[in-house]
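See structure below.
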Amino acid sequence: MTQSDKTGGTDRPSPRAQVRAIDPSTLPKHLDADEISARWDRFWQDEGVYHYDPSRGRDETFVVDTPPPTASGSLHIGHVFSYTQADVVVRYKRMTGMNVFYPMGWDDNGLPTERRVQNYYHIRCDPNTPYEAGLRFEQASAADRKKPARLVSRPNFIEACFDLIREDEKAFSVLWHRLGLSVDWRQEYQTIDAHCRRVAQLSFRDLYDKRHVYTSEAPMMWDVDFQSAIAQAEVEDKQIPGAFHQIEFAIEGEPAARIVIATTRPELLPACVGVTAHPDDERYKPFFGKRAVTPLFRAPVPIFPSELADPEKGTGILMVCTFGDQTDVQWWRTQGLALRQVIGIDGRLRPVDFGQAPFESLDVPRANAAYAELAGRNVKQAQARIVEMLRDPEASATGSGAPLVRDPEPIQHSVKFYEKGDRPLELLPTRQWFCRLLDRKAELIAKGEQVEWHPAHMRTRFRDWTENLSIDWCLSRQRYFGVPIPVWYPLDGDGQPDYDHPIVAEAASMPVDPTTDVPPGYTEAQRGRPAGFVGDPDIFDTWFTSSLTPQISSHWGTDPERHARLFPADVRPQGHDIIRTWAFYTIAKALLHEDSVPWHHALISGWILDPDRKKMSKSKGNVLTPLPLIETYTADAARYWAASARLGADTAFDENVWKIGKRLVTKLFNAAKFVLSQEAEVAPISHELDLAFVAQLRALVDSATKNFEAYQYAHALQETETFFWTRFTDTYLELTKARAKGEGAGTPAGRNPAEVDLASGSAVASLRLGLSVLIRLFAPVLPFVTEEIWSWAFAAEVDPAAPAARRSVHRAAWPSAADFEGIASPAHAGSFDVAIAALAAINKAKADGAVSMAREVSRLVLQATAATAEVFASVRSDVLAAARVAHCEVEIEPGLEAGAVAVRAIEFAERPADGA
RNA sequence: GGGGCGUUAGCUCAGUUGGUAGAGCACCGUGUUCACACCGCGGGGGUCACUGGUUCGAGUCCAGUACGCCCCACCA
């Protein structure tokens, strides 16, 4: 039983196929890469070469959790890089006989799409605008963009999103086909489609039933431009200029006393609810328990000690505001401070009244007058204005001059931003849904340990992130284009929502949109009415859906049989920048739903850096688009470039590598034409040189296979490529050329024709075996040119009754011991190397003599050790034929290294006359 | 502040368990149109970032330093 019988999905040609030479004139003179790639892509799709076979068992199925690209992004050379790396691994697995499940999704829901739609059409979603059926938009012109954005209804906005992602997904799809990704296009999904919405809502329902999710009204990180809550994972620090402002506060009941606090956010002065310093700080000890009074607003606030205050920073004493940062939140909670929210959801200071709780002032008219100067301004404007006001001595709470005691001191400090945002995040108290993760850290880390990360050190990124999590996962987003949270709230007699008793949609009704669907037991007429209900207007964090990609593909919750066959997946390819998001949340979901890992291997790809080693990004303007490069160098060359980099390695972009890839493709094409046009009688591989070549080929197959098994495709490619050039085209082909044609200087005239046939047949069989094996070793990286070559000869060796898909090289068996069955070992392990050494020595002598490599040698004296000379004798005729040597003697020179061959004397024949 | 990765030829990168430094590109020389000018053959070029240590022997193992990139934390 052969390997292919066992695995059932592939076919291996017989190593002793009948030699049917191809008439080279029937093959194209030059390789037309565009034509080939279009033709084979069509063949692969039409014949279903990459189709998943659900009838085969889990143990012989290889499941890929493909990254769904963000459809709203632009095509980027990095996409070619990472998707190709995954595809190379997948193609290898397919050739080992695995039944590959390789889907493609589009991550189109969420903020990135909304932002792109807003910019592209220059529109904004306004839920209060009425729907206009049939409304379509054009890409906004530069002139349009100068005008205010057009407000459109939520359904119109969502339609616009769908319109745009359709275009974007088409562009990606074209690139994937061009690159030859071996995706099963029947397994396509969009994270916004009904199936994904349903899976996401089922996930929520399951988490709700298991008490993993909860709502809470708490200060959350908030992006004022997108007007949505943001999760910890989406936050990034940016260094921006700021300034320390030293502001003087009075002490209540102590007219002579004062304290000077330092702050970078003076505009939050009206939101001040306390003052704190380190408990051991002698400067401030006397004030603990007393109340400070703020300038301008004259608000009395408690002064309390806190270990969290650093005496070395600023003035050692600081104001606590609702909310400047996370520490403020902590103090607010532990000290039971008032909540004076001045920043609104739009990032502007909202109207407040200091005469009414929670605001408070010892001089209400003055406080309100001061605040009137700030209300309606954004943070930046308010800061500028309040600094002006604080320079006014009249504003003092102590009567001792301007509250701003010195000019602001400029500093650079890091501030939290939404990763896609333009302005710093604010902390706003809002009601959000959360998923409990903090109490599951140990289990999350354990699941991360169960996954094999490639490269292994990427595991550390996951562990670090998980260990340092500080808030639960905020699931809700105040946006429009996404999966609705499937929840309604009952309204009490006053029309106030009862958030403690949410009505969560039943699984059978999903997907639902609570803003249009009605919860069980209610009618639409009760929407928004007292004792009625209200739908949760929010959508899920995009990651809530994309963290389910393994379950989306496996149809978790709807098709248990399929789920069992496809979950957990085998590999998750992804970038290292989203370990803390996509990988983390996916592991979290698999843990919470089924106490499982989502996949067994994580393949982490690196980044493409520009030649200055900076990350390529749109904002830096150093992004390369892939299609023009592919047109110049071919898709196979693009893949060669991507596959030359190891997993996880950030790589400087180097166009040279594309060039080398293209050269390899051409060389393969030409070498194959040559090999397949050799004619010979069928004969076993028996000649010493051939046996020695095959022995090295066998070693290559072993090594390449080991490397692929360890996801070291780059090493496998490199060794295959080196072998191809140095052991095949430059050497073996040259050494056997003459013998294959049944001629050669080493063949004595009048030799037995049967012997000539045997020698020739052995050479041609070895050449074809070498080509067949090399083509298959290259196939995962160079799918187009290898398929083309395979089709010339090897595809015909497949059972004609088998489906056409089986004739693809991509369904052929990965080279293995089976290819070398019955082929003897060479008499001398080193005979191929000695032949190469001898040929190289003669070539060098020709180069030194500045004669053509094709020049005949009339007399040659070689030197070698006795042992090497004996080995040489076994390959002598091939070497002399390749080097065109008429007469050769070998002298024994014991001083040489084993295996070395030196030229002691060489005489060249007269150059044949021109035109002879 | 904690951690990860990296530093090898002009450039992009390989270097398995320690055993005399590799490839391609670029460069120089040279040849050639009979699979391949998207070609062949040959050549020059490196104190393996630095300092110690272990060892008969270190690019490789250990400790430290410097530089670069990244992750995390802090950020009044």
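Here the structure is a predicted model, which means the values were calculated and not measured. Reminder, nothing fancy here: chain letters follow the sequence lines and each chain counts from 1.
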Task: Closest-nucleotide ordering on RNA chain B, the 5'-leading residue of Phe669(A) and Val657(A) - done: Val657(A)

Distances under 3.5 Å only, N/O to N/O: pair up the protein atoms with those of nucleotides 2-11 of chain B.
from: G4(B); atom 1: O2'; to: His457(A); atom 2: ND1; distance (Å): 3.4

- [ ] Provide the full list of salt bridge (charged side-chain N to carboxylate O under 4.0 Å, His left out) pairs with a residue in residues 455-470 of chain A, sequence neighbours left out, each pair given once.
- [x] Glu449(A)-Arg459(A), Glu449(A)-Arg463(A)

- [ ] Answer with yes or no after comparing the ring centroid distance for Phe653(A) and Trp641(A) against a 6.0 Å cut-off, counting only values under it.
- [x] yes

Task: salt bridge (charged side-chain N to carboxylate O under 4.0 Å, His left out): pairs with one or both residues in residues 258-268 of chain A, sequence neighbours excluded - done: Glu248(A)-Arg258(A), Arg265(A)-Glu267(A), Arg265(A)-Glu426(A)

Nucleotides 39-42 of chain B: which of its N/O atoms have a protein N/O under 3.5 Å away?
from: C39(B); atom 1: OP1; to: Arg663(A); atom 2: NE; distance (Å): 3.2
from: G40(B); atom 1: OP1; to: Lys667(A); atom 2: NZ; distance (Å): 3.3

Open item on the list: Please give me every residue in residues 711-719 of chain A whose heavy atoms get under 4.0 Å of an atom in RNA chain B, ordered by residue number.
Closed with: His715(A), Gln718(A)

TODO: Quote, to the nearest angstrom, the P distance that separates C38(B) from G19(B).
DONE: 42 Å

- [ ] Would you please indicate yes or no on a ring centroid separation below 6.0 angstrom for Tyr633(A) and Tyr640(A)?
- [x] no

Open item on the list: Roughly how many Å apart are U12(B) and A26(B), using the P atom of each and rounding to a whole number?
Closed with: 15 Å

Task: Spacing of the C1' atoms in C70(B) and U51(B) (rounded, Å) - done: 26 Å

- [ ] Would you indicate what Asp328(A) reaches in the nucleic acid, counting non-hydrogen atoms under 4.0 angstrom: base, sugar-phosphate, or nothing?
- [x] nothing

Task: Salt bridge present between Glu734(A) and Lys737(A) (N-O < 4.0 angstrom) - done: yes

Task: Upstream residue (5' side of RNA chain B) when Asn468(A) and Glu897(A) are each assigned their closest nucleotide - done: Glu897(A)

Open item on the list: Pairs counted only when both distances fall under 3.5 Å, Watson-Crick or G-U: show me the 5' to 3' dot-bracket for RNA chain B, [ ] for pseudoknotted crossings and | for other-strand partners.
Closed with: (((((((..((((.....[..)))).((((((....).))))).....(((((..]....))))))))))))....

